[in-house]
**Q** 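Just passing along the structure, written as C-alpha cells.
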Amino acid sequence: MDDQAKLAALQRHWGASDANDFDAEHEIYHDDAVLDYPQSGERIRGRRNIQQSRFVQPNKKRFTVRRIVGGGDLWVSEFVLSYDGVPSYVVSIMEFRGGLVAHETQYFADRFEPSPSRAHLVERVG
C-alpha cells in the first residue's frame, strides 16, 4: 500500500468516525491492533475490542480533521473531537503493518485560556 492509499484510508476512517459508521471506521485496523490512551493508562487489544469500546461510548461525537501527515508506516492525524459539543484537541499516531493499522496512540488536550504573560507575542486563532 503506497502513501496515497494510506492517506485515503485515513480520510475514510475519520469520515466514518464522524458519521458513527462503526464498521467502516474499524476497517483500517489489523485484527490484533493495539490502541493506547497514555493519559488514562488504557490499552485496548484487538480490532473488535477497539470497535466495541467506541460503540459503547455514550456521548455524541463529532470529528473535525485539521491535518494528516505521514509517510511509509507512520502517520499522524490532528483533529478536534467534540463530545456532546465540547471540543478536545487530539493527536492520533498510527503505525501501519501490511497496509493496516497495527498500533495507534491517541493524546487528548482540552482548550485553555492563553497566558497574559505572552499576550504581546501571540496571534489569537480559531
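These numbers were taken from a predicted model, which means no experiment stands behind them.
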**Q** In Å and rounded to the nearest 0.5 Å, what is the CZ to CG distance from R12 to L10?
**A**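 Answer rounded to 0.5 Å: 9.0 Å.
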
**Q** Would you check if the side chain of D3 reaches a backbone N or O of G72 as a donor-acceptor pair within less than 3.5 Å?
**A** yes

**Q** Answer with yes or no whether the side chains of E104 and Y29 bring together a donor and an acceptor at under 3.5 Å.
**A**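 Y29 vs E104: donor-acceptor pair found between side chains.
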
**Q** Other residues, nucleotides and ligands only: do more than 12 of their heavy atoms fall within 6.0 Å of CD on Q4?
**A** no

**Q** Is it the case that one hydrophobic cluster holds both I93 and L100, taking links as side-chain heavy atoms less than 4.5 Å apart, direct or via other members?
**A**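 They do not share one cluster, since no chain of ILVMFWY contacts under 4.5 Å joins I93 to L100.
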
**Q** Decide whether V65 and W75 are clustered together by the hydrophobic rule: side chain heavy atoms of Ile, Leu, Val, Met, Phe, Trp, Tyr closer than 4.5 Å, transitively.
**A** yes

**Q** Rounded at 0.5 Å granularity, tell me how far OG in S77 sits from NE2 in H13.
**A** 7.0 Å

**Q** Assess the residue pair K6 and D73 against the criterion (side chain to side chain contact (heavy atoms under 4.5 Å, CB included)); give the C-alpha distance rounded to whole Å, side-chain angles, the decisive distance to 0.1 Å, and a yes or no.
**A** CA-CA 9 Å; K6 287 176 184 165; D73 289 334; 2.8 Å; yes

**Q** Going from OG1 on T105 to CZ on R43, what distance comes out if it is rounded to the nearest 0.5 angstrom?
**A**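 That separation rounds to 8.0 Å.
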
**Q** Taking atom CZ of F55 as the centre, does the number of heavy atoms from other residues, nucleotides or ligands within less than 6.0 Å exceed 12?
**A**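 Incorrect, the count does not exceed 12.
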
**Q** S53 and I44: which non-hydrogen atoms are nearest, and at how many Å?
**A**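 Reported closest heavy-atom pair: OG-CD1, 3.5 Å.
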
**Q** Using the six-membered ring wherever Trp is involved, compare the ring planes of F79 and W14 and label them parallel, tilted or perpendicular (cut-offs 30° and 60°).
**A**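 If you compare the ring of F79 with that of W14, the planes turn out tilted.
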
**Q** Can you see which heavy atom on G85 is nearest to which on P87, and at what distance?
**A**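 That would be O-CD, 3.5 Å.
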
**Q** More than 12 foreign heavy atoms under 6.0 Å from CZ of F108: is that the case here?
**A** yes

**Q** Look at the side-chain heavy atoms of Ile, Leu, Val, Met, Phe, Trp and Tyr, link any pair under 4.5 Å apart, and say whether V80 and V86 land in one connected group.
**A**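 Per the 4.5 Å side-chain linkage, V80 and V86 are not co-clustered.
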
**Q** In the structure I gave you, are the side-chain heavy atoms of K61 and S17 within less than 4.5 Å of one another anywhere?
**A**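 No, every pair of side-chain atoms sits at 4.5 Å or beyond.
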
**Q** Going by an N to O cut-off under 4.0 Å, is there a salt bridge joining K60 and D84?
**A** no

**Q** For the CZ atom of R47 and the CG atom of D32, what is their distance to the nearest 0.5 Å?
**A**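 The CG atom of D32 is 9.5 Å from CZ of R47, to the nearest 0.5 Å.
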
**Q** Nearest 0.5 angstrom please: E27 CD to Q51 CD, how far?
**A**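 Interatomic distance, E27 CD to Q51 CD, rounded to 0.5 Å: 9.5 Å.
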
**Q** Is there a continuous path of hydrophobic side-chain contacts, each under 4.5 Å between heavy atoms, that joins Y107 to L74?
**A**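 Yes, same cluster.
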
**Q** For D18 and R62, what are the C-alpha separation, side-chain angles and deciding distance, and is it a side chain to side chain contact (heavy atoms under 4.5 Å, CB included)?
**A** CA-CA 5 Å; D18 187 52; R62 295 306 311 256; 2.7 Å; yes

**Q** Of all heavy-atom pairs between P114 and R124, which one has the smallest distance, and what is that distance?
**A** CG-NH1, 3.3 Å

**Q** Say whether V101 and V34 are linked into one hydrophobic cluster, either directly or through other cluster members, by side-chain heavy-atom distances under 4.5 angstrom.
**A** no

**Q** Output the distance between atom CD (E25) and atom CZ (F63), rounded to the nearest 0.5 Å.
**A**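 With rounding to 0.5 Å, CD (E25) is 6.0 Å from CZ (F63).
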
